[in-house]
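Both backbone and side-chain heavy atoms feed into the values below; hydrogens, waters and symmetry mates do not. Convention: sequence-line order gives letters A, B, ...; per-chain numbering from 1.
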Amino acid sequence: MAADPRLARAVDPRRTATPPQPPPPPPPTQSEQKSLGGYDGVDDGNPGSEPRKEEESFKLRFCTVCASNNNRSMEAHLRLSLAEYPVLSFGTGSLVRLPGPSITQPNVYSFNSTSYQSMYQELEAKDPRLYRANGILPMLERNRSVKWGPERWQDWPVGMPRLSEFQQGKGSKGAEGGIVDVVITCEERCWDAVVDNLIERGSPLNRPVHVINVDIKDNHEEALVGGKAILDLADSLNEAANEERIEGDGKASFDERVPELLAGWQERWPQLPALWTLGWF
Amino acid sequence: MAVALQDQLTQLESARQIVLKDPGLYPQIVSGILPIVGANARLELRRWGAEFLSETFSSPVFPPRQKEDSAVGVLGTLKDLLEIPGEDAAVVKSIVQTAASIYGLVFHYIVANPHDVPIWNQMASIKQNVLKRWDTGPAGVRICCIKFVQKIIQVQTPGVIADPRRPEQNEISLAIVPRDHPMIPPSKLEPEASGLLDRLLNVFQEDHSDAVLVDATLNCLGMLLRTRQSISNKIISAILNFNPLKQANSPMTPKAKVQVKSMERTTRALLMNMYRRNENGPFAGRIKAYVDRFTQLRQDIFDEGSRKRVFPSEPTDGLDNTKRRRLDAELPPRRPSNIPALPPGPNSFKQLFTLTTDQELANFDVTSLPPQLMVNITLPVLARVDQQALTEAINHVRARYLSLISPNRNLPQVGALGDDEEDYEPDFEPSEDREQIINKADALPPEDSLQMPTDLALGPFKLPQPPPLTAEETEQIGKGVITKVFDKMNSLEEPSALKRQKPGLNRLAGSNYDKEAWVTVITRLATRASAGLDDESDEEEGSKALVKKGGPGSSLSDAIRENLWKHIIEDFRARIGIAIAWLNEEWFSDRIQNQAANNSKEGESLPQPKQHYEYWMLRVLDGIIPYLDAKDKLLIRFLSEIPEVNERVLVRVKGLARDPERVQLAVNTLLYLIMMKPPARDIAIDALEDLWRNYDDVKAPAAKHLAKWRPQVLISEVKPSTAPSINGGKPEDIKSPPPSTLTHTSSSTGGDQMETKQEGLPVAAAG
């Protein structure tokens with residue numbers, strides 16, 4: 001793993017967020033809460049240009065969650081899927097909200113039924129200059145290459161096989177069973193929503209799931225940093241899960257080690273406060 | 001071999017893909033796979049198989065009926081896998097998850113097949129095996145054991161029978177087991193579940209519980225809390241007695257931090273979920289208190305509170321506050337040190353005009369000089385006095401004088417408080433306030449234009465006193481306080497009816513800090529706190545009108561009253577008690593003030609106190625009357641419990657009779673007042689009579705009661721219902737003799753009712 005050049009970078013706790021290329025035109029309204037168009041991360045740091053080692057057969061399955069399933073969770077989704085992890089992603093908001101011409105006029109779409117492609121087309125027709133400048137179109141471009149459209153966490157039928165055409169995309173391989181081992185949320189209220197929702201569902205499946213929050217600000221630079229951090233976390237979790245599976249070594253249980261791994265990760269990424277619990281599907 | 005293994009795994013994987021696509025094939029695939037992944041298979045296969053089984057039996061698409069059959073079929077394999085000595089943790093983990101999923105299914109099967117002993121025995125030995133691992137296994141297995149135990153408890157305590165006619169839809173629980181079941185008699189299962197629950201909740205009491213176990217337990221309790229009434233109280237109590245921060249002793253390792261925070265947040269998530277589900281439940285208050293307490297503690301421990309003071313990390317532009325603030329901070333102190341501030345407390349004129357700091361000079365008595373000498377000195381001095389310095393000095397004295405005569409002078413000095421706060425909060429940055437003060441000071445005439453900022457060495461900085469509050473500010477802040485008190489009151493729960501009954505006459509109002517206490521505090525604040533103080537502000541009105549000019553309270557107490565009124569009207573059915581308590585206070589306060597006014601000597605200028613009771617009583621009444629329906633007891637209760645009823649009230653009651661549907665309400669209310677409120681009896685009878693005369697709809701019901709209370713009216717009255725205009729010409733038509741009798745009962749006494757308004761008679765009749 002140490003040979004992986006991306007990991008060497010990810011370990012650096014300094015914020016090396018500045019992409020090699022110049023950042024896009026000045027992002028408008030920094031303070032805005034909504035996702036501000038994660039700038040397409042494909043060219044940056046070429047996270048997928050070299051395939052991961054294939055001999056690790058066991059992979060933890062991940063799920064990334066943010067408010068609108070557009071910026072932060074999708075950046076992380078892309079990162080994890082390029083690292084060959086099975087990964088799903090969801091939003092916990094009531095609707096998909098993307099920034100509009102002003103803070104009071106967001107573009108609103110419904111979850112589960114709107115594709116990234118249709119959002120892209122609509123916004124491109126509305127005002128291509130604005131939406132390209134604020135990073136929304138590049139973000140949607142990235143998203144449509146990852147999966148069909150934003151999905152809502154609360155509507156997710158956990159354990160339902162994901163084989164339909166709409167559910168295919170990057171990272172869907174290995175997650176066909178419709179279940180994951182680790183949920184990573186990108187904001188504390190999303191963590192709250194996920195944990196509460198799991199309690200609400202009544203844990204009918206008896207399957208444990210680690211729910212981890214990594215607090216990422218909702219703008220595209222932070223989403224890039226957050227995506228790297230999440231990949232770093234995923235790698236260290238997966239490594240531990242694989243160690244547990246080494247035959248004959250039964251003492252270091254993966255689930256037990258999660259707090260310790262997270263603490264270690266937190267030292268590497270002090271600017272992204274983390275939170276964890278073990279829940280049930 | 002390795003290649004063969006890989007092939008096998010690939011085949012198994014493709015079989016899995018098939019059932020994921022077509023869940024109807026699960027039964028065949030499961031039974032087909034079992035021999036391949038059994039206890040004799042290689043570890044990789046066992047792992048795959050165990051994982052597959054746990055996925056299969058948790059799958060929501062596997063039809064329940066077939067799932068149950070398959071569950072019975074896999075018991076043997078599960079048992080064998082568990083009994084392999086030193087079995088791999090990953091396999092055991094998956095098997096325990098599978099066991100949790102099938103426990104209910106097998107249970108359901110046994111309910112229907114009470115004589116299939118071997119099956120239940122297999123399940124029982126799996127259960128024993130899993131329970132043995134609960135305390136000793138690796139953590140990953142232990143959490144699955146916790147979930148398994150939760151499932152046993154869920155199954156073996158009675159649930160709710162949703163629909164007895166459709167047993168197949170019932171949730172699997174003890175409630176579906178026949179009392180006389182040979183193998184799983186409820187009398188044996190329920191104690192077992194109870195024992196397991198105790199053991200499960202034990203995790204909250206141990207000193208060094210692992211966070212992963214605590215979280216796993218907390219996160220699976222939701223279902224039990226929701227659907228198992230009989231044990232939910234026990235569970236909530238256990239959680240409320242749990243201290244997730246007990247391991248938070250400094251210094252914490254980063255890992256311990258993650259764990260402690262996790263336990264606290266998970267506890268909070270579960271409790272908040274319960275709280276939202278039932279905000280009026282018996283535990284709601286305790287849950288809220290618990291959550292608040294631990295949120296505070298967590299913030300203290302992890303110092304999260306300080307995070308909000310951190311400056312934003314985004315780049316700041318030139319307009320940013322932080323920069324502006326820094327510029328201001330470099331200004332020299334405005335107040336020159338050689339003009340002393342007035343000492344606090346009452347000041348003499350001498351102090352007011354003394355600008356020098358020289359004590360000797362200040363104490364010099366000018367009157368000791370002969371006037372001629374004074375003139376000789378003063379004239380030349382005045383002639384060459386620096387104009388600017390003079391203006392400056394005059395302004396200074398003027399400012400002092402203005403501050404002295406300002407009515408708010410006696411308010412507490414906020415500045416003194418500010419100093420204290422600085423001590424408590426080391427990072428409290430008062431620059432904002434200073435900026436505001438300086439801005440205010442800029443508006444004043446320049447005081448220090450002579451004072452050059454020459455002394456570059458800054459003396460100790462003294463926070464200037466804030467300017468005194470103006471009347472408007474006071475009022476605004478007062479209103480803020482009122483709103484706060486109301487919020488506080490609203491946030492408190494209603495005391496349960498049971499508790500409220502207890503103290504009886506020994507009750508001390510406002511003694512325990514519940515909602516009722518706040519109601520008492522608020523009503524007394526409104527009626528007593530500033531009684532008599534407000535009146536002066538209205539003196540120029542000159543009018544001694546009982547009803548004050550409208551509009552939201554011009555004084556603090558009126559603002560409270562206004563809020564109280566709104567509060568009551570918002571939900572008057574629930575809050576009528578508050579209205580009554582308040583109006584009683586108002587009435588009492590009015591009386592006390594009247595007494596005080598009368599006791600003072602006649603010549604004294606003490607103004608007649610303003611009366612509030614009637615105005616507010618009528619407003620409350622006006623607020624509720626439009627919403628009353630025909631059967632409402634509320635009006636009767638209100639009128640019977642307020643201390644005084646007058647004609648204006650009855651006018652409103654009479655108004656009800658205009659609505660044919662509420663005629664009965666009006667009559668009943670009057671009748672109640674007649675019977676139960678002797679002081680109001682006469683006016684109530686008058687009102688009834690008036691109704692009888694003027695409202696056709698009221699004729700019959702009113703007549704019935706009038707017959708008892710004032711029969712003479714009925715006798716003496718013409719029947720105006722059909723043709724009132726005929727009698728219109730008669731003077732005093734109220735007392736005109738009746739051309740016909742209206743009711744049979746009163747007809748006999750008709751003759752001797754010439755003195756119509758004889759008040760004493762009906763009262764006597766009532767006794």
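Looking only at heavy-atom pairs under 4.5 Å with chain B, the residue among A:Ala274, A:Gly264, A:Pro259, A:Gly159 that has the most is A:Pro259. When each of B:Thr98, B:Val61, B:Val96, B:Ile143 is scored by its heavy-atom pairs under 4.5 Å with chain A, the top score falls to B:Ile143. Annotation: maximal heavy-atom pairing with chain A below 4.5 Å, among B:Val258, B:Leu270, B:Leu213, occurs at B:Val258. Ranked by heavy-atom pairs under 4.5 Å with chain B, the list A:Glu260, A:Glu200, A:Met160, A:Gln266 is led by A:Glu200. Annotation: maximal heavy-atom pairing with chain A below 4.5 Å, among B:Ala211, B:Ser54, B:Ser94, B:Ala90, occurs at B:Ser54. No other option in B:Ser59, B:Gly222, B:Cys220 has as many heavy-atom pairs under 4.5 Å with chain A as B:Cys220. Counting heavy-atom pairs closer than 4.5 Å to chain A, the top-ranked of the candidates B:Gln154, B:Arg226, B:Lys93, B:Gln17 is B:Arg226. Chain A forms the most heavy-atom pairs under 4.5 Å with one residue out of B:Ala216, B:Cys144, B:Pro23, B:Gly137, and that residue is B:Ala216.
A:Pro157 does not touch chain B: none of its heavy atoms, backbone or side chain, sits under 4.5 Å away. Of the atoms belonging to A:Ile199, heavy atoms from both backbone and side chain fall under 4.5 Å from chain B. Using a 4.5 Å cut-off between heavy atoms, A:Arg201 contacts chain B through its backbone alone, with no side-chain atom that close. Proximity to chain A (any heavy atom under 4.5 Å) is shown, for B:Asn273, by both the backbone and the side chain. With a 4.5 angstrom heavy-atom cutoff, A:Asp192 touches chain B only via side-chain atoms. Both the backbone and the side chain of B:Ala269 come within contact range of chain A, judged by heavy atoms closer than 4.5 Å. With a threshold of 4.5 angstrom between heavy atoms, B:Arg276 approaches chain A through side-chain atoms but not through N, CA, C or O. Using a 4.5 Å cut-off between heavy atoms, A:Val258 does not touch chain B at all. Within the 4.5 angstrom heavy-atom criterion, atoms from both the backbone and the side chain of A:Glu176 approach chain B. When heavy atoms are compared at a cutoff of 4.5 Å, B:Gln150 approaches chain A solely by way of its side chain, counted from C-beta outward. Looking at B:Lys151, only its side chain comes within 4.5 Å of chain A, counting heavy atoms on both sides. Residue B:Arg142 does not touch chain A at all, counting heavy-atom pairs closer than 4.5 Å.
Remark: A:Arg61 engages B:Glu51 in a salt bridge, criterion side-chain N to carboxylate O under 4.0 Å. Between A:Asp232 and A:Arg268, at least one side-chain nitrogen of the basic residue sits less than 4.0 Å from a carboxylate oxygen of the acidic one, meeting the salt-bridge criterion. A salt bridge links B:Glu13 with B:Arg16: at least one charged nitrogen is closer than 4.0 Å to a carboxylate oxygen. For the pair A:Glu84 and A:Lys173, the salt-bridge criterion is not met [side-chain N within less than 4.0 Å of a carboxylate O]. Here A:Arg257 does not pair with A:Glu244 in a salt bridge; the nearest charged N to carboxylate O distance is not below 4.0 Å. The pair A:Arg162-A:Glu151 meets the salt-bridge criterion, since a charged nitrogen lies less than 4.0 angstrom from a carboxylate oxygen. Look at B:Lys255 and A:Glu267 and you find no salt bridge, because none of the NZ, NE, NH1 or NH2 atoms lies under 4.0 Å from a carboxylate O.
Within the structure, every pair that satisfies the ring-ring contact (aromatic ring centres under 6.0 Å, His included) test and touches residues 163-194 of chain A, not counting sequence neighbours, is listed here: A:Trp148-A:Phe166.
The CZ atom of B:Phe242 lies 5.0 Å from the OG1 atom of B:Thr267; values are rounded to the nearest 0.5 Å.
Counting only heavy atoms from C-beta outward, the side chains of A:Leu198 and A:Val183 never approach each other to under 4.5 Å.
Annotation: cation-pi pair A:Arg245/A:Phe58 present, NZ/CZ under 6.0 Å from the ring centroid and within 45° of its normal.
Ring-plane geometry between B:Phe52 and B:Trp48 is classed as parallel, the angle between the planes falling under 30 degrees on a 0 to 90 degree scale with a further cut at 60.
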